[in-house]
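Here is the structure we will look at.
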Amino acid sequence: MIKVKVKVEEVSTTIEVEKGKTILELLLAISKPLAQKAIIAEIVSSGNSQTQLDRTQLVSLVDLSHVIDSDSEIRIITSEDERALDTLNHSCAHIMACAIKKIYPDAKFAIGPSIRNGFYYDFDIDEKTISQEDLPVIEEEMKGIIEKDYKFERQEVTKAEAKEIFRNNPFKLELIDEIESPKVSIYTTGNFVDLCSGPHIPSTGKVGAFKLLSIAGAYWRGDERNKMLTRIYGASFFSEEDLQLYLERAEKAKNSDHRKIGKDLELFSFHDEAPGFPFFHPRGIILRNIIIDYWRKEHQKEGYLEIQTPVILSNELWKTSGHWDNYKDNMYFVNIEEKDYAIKPMNCPGAILVYKSSQHSYRELPLKYAELGLVHRHEKSGVLHGLFRVRSFTQDDAHIFCMESQLKDEITKIIDLVDRMYRVFGFHDYHVELSTRPLKRIGTDKMWDKAENALEEVVKAKDINYVINKGEGAFYGPKIDFHITDCFGRTWQCATIQLDFAMPEKFDIEYMGEDNAKHRPVMLHRVVLGSIERFIGILIEHYSGNLPPWLAPVQAVVLPISEKFGDYSRRVFDTLRANNFRVEFDNRVESLNKKIRDAELKKIPYMIVIGKREEETRTITIRRKVGEDMREIELDKFLSILKDVVENKKSTS
RNA sequence: GCCGAUGUAGCUCAAGUGGUAGAGCAGCUCACUCGUAAUGAGCAGGUUACCGGUUCGAGUCCGGUCGUCGGCUCCA
């Protein structure tokens, strides 16, 4: 007999069982309902690992069919646990593959993992292409498999045996070769066999609800030199309600799409005549200018000096900077009077020319040049995506020229600025990533050591949690990036701080030191919002278009109930406008209902309703997008409320 | 760039197997003067993305180009 301690959530119990029993058998002995609820188990500790496989893969999550043959402590994972949903999604990928195999017997399967919000499976079909219309057919087949409640049966085989089983599947053969352990595990579901480390749900019937979502191409192993496979995405859940909730959320995210809102609210547009180059409309420019005005104020307070450098610069400059070598395929070029020029993809060489235009003393440092620089980068046609991925955009850039001794202080100040500005825009949640030297780079290893250490020291000193991305730095220096989390839980890399010892060397820039000798300054490249255009897209989606009053292109609209109240309404409108509020006057001959509906669709924060009562009492009534209505209040009172909300950049109205 | 889908009026969408393009909303005109998410009627609006082919005849079938959408790859 062996002792097994079984934990489930906060309860734990120890029982003695015969060696060789499975977890499921053990659970049935303890409690049938628990056995019913259980999805997988976690081995918290055990006397010895059962198989060589477990030792090499360090798997702590196991199937319920896992055999216990020594004293152990196990934790039962039920459908409430996030990891159970992950397993469910993975199992559902197998179920989908099983269905596809039945419909298209020649399909060769590659990989089918669970992902953040569901699962996918990549496979190769030679003759046929699968389209959206085929998904319901596959779904029907899957439903049949789920109804039959097939078991997920795990089996461990030698690599030779596995190669025999998957002899017709080049993808699996490649995967088997890469597994280090002498044995591999395979799972059988119905008549579908897959190479897989598991764990899986006990049987297909555990899938309460699922939906196949989309179909796409994906390169084998994510390498564009490899074959393009067919990928089907789906999502599965333990209950129909969870699926419906997921679909509702997906619908909400779709309705928050900045491309749709941008068009509906007349903020910006795209045209076939300029793919990837955004056009900003009057309302979009209002939003853009508000962001820029705020940005300027914050930067002036921090001692930045704003500059502006040209969009077209000699190709020689880009050869000196190293951009031509590293990025010529993504740059635009023009030939003027038989000389080659490039449209700038970055602002740094321009800033360096400004620096070089005069001598500098150590007394001036740190010298902080800020620039809202319009850059152009050629993006491949397939990657364009609204304002998120464009071919021309405005970086809220700055280049700080300083002494090495000032680095940490300057980096700290940037981090504080980023933190302050993000909060104002309503982003309270972000994380930091540190990217180190890439393979393709300029500068010496000594420079890179210094630069990487400086960044890391500051992040550590500030006690910020960060992850390291090895080899992901810019070609001229390492960087720390700030990733904003929006209200949908998506993350967006916006701010970046890049440390650069290389460009000052390449451009031979210097300052006169206290010692009356020439020294080389260090450069910090940094952005806070990243791309103004992209940031606008992020803001729109974060707020689903319901921008807080300080950002809203139209803050209020005056709605007279009928033309009879036109004169008084006009005076209210004039007063608001005279006080610098962005207000519109809807004096169309339409019903109040219609005017309110239109104002709602335009996502205007305040609707000012004026009828007989308001005219008589010389008041206004406010219908707010957020919060209760304010009936018959003094115009002055509303002005002070609006002033407070706008000046203090409050997120609610 | 690659895989797949797609392109019809400003917007959202119709037009069995090829037979001279329709609707709602928006716009304009008229009537209604309205109390918290669409008042009614009328009018106007399209070389069906573009180029070529098949056909007596193409929005529809075929080829190409461009854009867009979902992914993959990429993102200084």
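Quick note: numbers below take in every heavy atom, side chains included, and nothing from hydrogens, waters or symmetry partners. Every chain is numbered from 1 and lettered A, B, ... according to where its sequence line falls, protein lines coming before strand lines.
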Point to revise | Residue closer to the 5' end of RNA chain B, A/R631 versus A/Q132 (nearest nucleotide) | key: A/Q132
Check your understanding: Between A/K263 and A/Q493, which is nearer to the 5' end of RNA chain B once each is assigned its nearest nucleotide?
Key -> A/K263
Review point. With a non-hydrogen cut-off below 4.0 angstrom, is A/Q395 in contact with a base, only sugar-phosphate, or nothing?
Key: nothing
Review point. With a non-hydrogen cut-off below 4.0 angstrom, is A/N330 in contact with a base, only sugar-phosphate, or nothing?
Key: base
In whole Å, what separates the [atom1] atom of [N] from that of [M]?
N: B/U48; M: B/G22; atom1: C1'; value: 12 Å
N: B/G59; M: B/A15; atom1: P; value: 16 Å
N: B/A9; M: B/A49; atom1: C1'; value: 14 Å
N: B/U60; M: B/U17; atom1: C1'; value: 11 Å
N: B/U65; M: B/A5; atom1: P; value: 16 Å
N: B/G64; M: B/G1; atom1: P; value: 15 Å
N: B/G24; M: B/G45; atom1: C1'; value: 14 Å
N: B/U73; M: B/G16; atom1: P; value: 40 Å

Where does the angle between the aromatic ring planes of [X] and [Y] fall among parallel (under 30°), tilted (30 to 60°) and perpendicular (over 60°)?
X: A/H323; Y: A/F475; value: perpendicular
X: A/Y430; Y: A/F482; value: tilted
X: A/H431; Y: A/H483; value: parallel

Could you give the [atom1]-to-[atom2] distance, from [X] to [N], as a whole number of Å?
X: A/D629; N: B/A37; atom1: CG; atom2: C1'; answer: 13 Å
X: A/D124; N: B/C3; atom1: CG; atom2: P; answer: 14 Å
X: A/K612; N: B/C34; atom1: NZ; atom2: P; answer: 10 Å
X: A/I620; N: B/U36; atom1: CD1; atom2: C1'; answer: 15 Å
X: A/K595; N: B/C32; atom1: NZ; atom2: P; answer: 16 Å
X: A/N469; N: B/C74; atom1: CG; atom2: P; answer: 14 Å
X: A/I604; N: B/U36; atom1: CD1; atom2: C1'; answer: 15 Å
X: A/I497; N: B/A76; atom1: CD1; atom2: C1'; answer: 17 Å

Distance alone, cut at 3.5 Å: any donor-acceptor contact between the side chains of [X] and [Y]?
X: A/N347; Y: A/H399; result: no
X: A/E266; Y: A/H281; result: no
X: A/T621; Y: A/E632; result: no
X: A/S269; Y: A/H271; result: yes

Hey, what are the protein-to-nucleotides 38-41 of chain B N/O distances that come in under 3.5 Å?
| from | atom 1 | to | atom 2 | distance (Å) |
| --- | --- | --- | --- | --- |
| B/A38 | N9 | A/R597 | NE | 3.4 |
| B/A38 | N7 | A/R597 | NE | 3.3 |
| B/A38 | N7 | A/R597 | NH1 | 3.2 |
| B/A38 | N7 | A/R597 | NH2 | 3.4 |
| B/A38 | N6 | A/R597 | NH2 | 2.7 |
| B/A38 | N1 | A/R597 | NH2 | 3.4 |
| B/U39 | OP2 | A/S591 | OG | 2.7 |

Practice item. State whether the side chain of A/D134 and the backbone N or O of A/S131 hold a donor-acceptor pair below 3.5 Å, judged by distance alone. Key: yes
Review point. Is a side-chain N or O of A/R618 found less than 3.5 angstrom from the main chain of A/E615, in a donor-acceptor match?
Key: yes
Exercise for review: State which of B/U33, B/A76, B/U36 makes the closest approach to the side chain of A/Y476.
Suggested key: B/A76
Review point. Among B/G35, B/C34, B/G27, which is the nearest nucleotide to the side chain of A/S562?
Key: B/C34
For nucleotides 66-73 of chain B, which of its nitrogen or oxygen atoms have a protein nitrogen or oxygen under 3.5 Å away, and what is each distance?
| from | atom 1 | to | atom 2 | distance (Å) |
| --- | --- | --- | --- | --- |
| B/G67 | O2' | A/D272 | OD1 | 2.5 |
| B/C69 | OP1 | A/R259 | NH1 | 2.9 |
| B/G70 | OP1 | A/R259 | NH2 | 2.7 |
| B/G70 | OP2 | A/R259 | NH1 | 3.2 |
| B/G71 | O3' | A/Y233 | OH | 3.1 |
| B/G71 | O2' | A/Y233 | OH | 3.4 |
| B/G71 | N2 | A/G217 | O | 3.4 |
| B/G71 | N3 | A/G217 | O | 3.4 |
| B/C72 | O4' | A/G217 | O | 3.2 |
| B/C72 | O2' | A/Y219 | N | 3.1 |
| B/U73 | O2' | A/E224 | OE2 | 3.2 |

Check your understanding: By centroid distance (under 5.5 Å) and plane angle (under 30°), are A/F475 and B/A76 in a stacked arrangement?
Key -> no
Practice item. Identify whether NZ of Lys or CZ of Arg in A/K368 sits under 6.0 Å from the centre of the six-membered ring of A/F401 and within 45° of that ring's axis. Key: no
Review point. Does NZ or CZ of A/R231 come closer than 6.0 Å to the centre of the six-membered ring of A/Y120, within 45° of the ring's axis?
Key: yes
Review point. Tell me, do A/D500 and A/H525 make a side-chain contact under 4.5 Å, heavy atoms counted?
Key: yes
Revision key, fill the gap. The dot-bracket string of RNA chain B, counting Watson-Crick and G-U wobble pairs with both distances under 3.5 Å, using [ ] for crossing pairs and | for pairs to another strand, is (((((((..((((.....[..)))).(((((.......))))).....(((((..]....))))))))))))....
Exercise for review: For A/E174 and A/K108, run salt bridge (Lys or Arg N to Asp or Glu O under 4.0 Å): C-alpha distance rounded to whole Å, both residues' side-chain angles, the deciding distance at 0.1 Å, then the answer.
Suggested key: CA-CA 13 Å; A/E174 199 177 317; A/K108 291 184 176 63; over 6 Å; no
